[in-house]
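Have a look at the structure below, then the notes.
What you see is a predicted model, and the numbers here were worked out from it, not measured in a lab.
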Amino acid sequence: MAEKPLIDLSQLLFPCNGCGKCCANVHLSEQTRYLDRGDGICRHLNTTSKQCQIYEERPDICRVAVQFERHYAAKFTWEEFVSLNLAICDQLPDRITKVE
């Protein structure tokens, strides 16, 4: 039986617009609740710049391509996975502007 080839994660680019909504709603997912600073926002999010303060060392749960490879590649194409994630992004509340 041939093994499934590994995905080249460097080629999977998620079209993030940097809105910060995913990082401002970590309380909504069991997998990211541990990042909650107490108000539902990730403790590593700079709410002024909407950028991750530990981006290069961020947890695997925050790495879209890693999550795709580990949990979703057998179910979806990359394009389908991106489309689903973008649809979810659109539905998340923009809580950052309310925090400042």
Given 3.5 Å as the limit, does a donor-acceptor pair link the side chain of Asn46 with the main chain of Ser49, or not?
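Checking the backbone N and O of Ser49 against the side chain of Asn46, a donor-acceptor pair under 3.5 Å is found.
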Tell me if a side-chain donor or acceptor on Gln67 pairs with a main-chain N or O of Cys62 at a distance below 3.5 Å.
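Such a contact is absent between Gln67 side chain and Cys62 backbone.
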State, yes or no, whether a side-chain contact exists between [X] and [Y] at a heavy-atom distance under 4.5 Å.
{"X": "Tyr72", "Y": "Asn85", "answer": "no"}
{"X": "Leu92", "Y": "Leu28", "answer": "yes"}
{"X": "Val82", "Y": "Pro15", "answer": "yes"}

Joint cluster assignment, Val64 & Leu84, ILVMFWY side-chain distance < 4.5 Å:
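Yes, because Val64 and Leu84 connect within a single hydrophobic cluster, where side-chain heavy atoms sit under 4.5 Å apart.
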Determine, using the 4.5 Å side-chain heavy-atom cutoff (strictly less than), whether Phe68 and Leu86 are members of one ILVMFWY cluster.
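Per the 4.5 Å side-chain linkage, Phe68 and Leu86 are co-clustered.
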Could you report the tightest heavy-atom contact between Ala24 and Ile96, atom names first, then the distance?
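That would be CB-CG1, 3.6 Å.
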Please report the closest heavy-atom contact between Ile54 and Pro59, naming both atoms and the distance.
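Heavy-atom minimum between the residues: CD1-CD, 4.2 Å.
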Taking atom [atom1] of [X] and atom [atom2] of [Y], what is their separation to the nearest 0.5 Å?
{"X": "Asp36", "Y": "Arg43", "atom1": "CG", "atom2": "CZ", "result": "9.0 Å"}
{"X": "Thr47", "Y": "Arg37", "atom1": "OG1", "atom2": "CZ", "result": "5.5 Å"}
{"X": "Ile41", "Y": "Arg95", "atom1": "CD1", "atom2": "CZ", "result": "5.0 Å"}
{"X": "Cys89", "Y": "Phe14", "atom1": "SG", "atom2": "CZ", "result": "5.0 Å"}
{"X": "Arg70", "Y": "Arg63", "atom1": "CZ", "atom2": "CZ", "result": "9.5 Å"}
{"X": "Leu35", "Y": "Ser29", "atom1": "CG", "atom2": "OG", "result": "9.5 Å"}

Phe81 and Phe76 aromatic ring geometry - parallel, tilted or perpendicular at 30°/60° bounds
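Rings of Phe76 and Phe81: tilted, 30 to 60°.
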Taking salt bridge (Lys or Arg N to Asp or Glu O under 4.0 Å) as the cut-off, I'd like each qualifying pair that reaches into residues 48-59, sequence neighbours left out, listed once.
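Non-adjacent pairs meeting salt bridge (Lys or Arg N to Asp or Glu O under 4.0 Å): zero.
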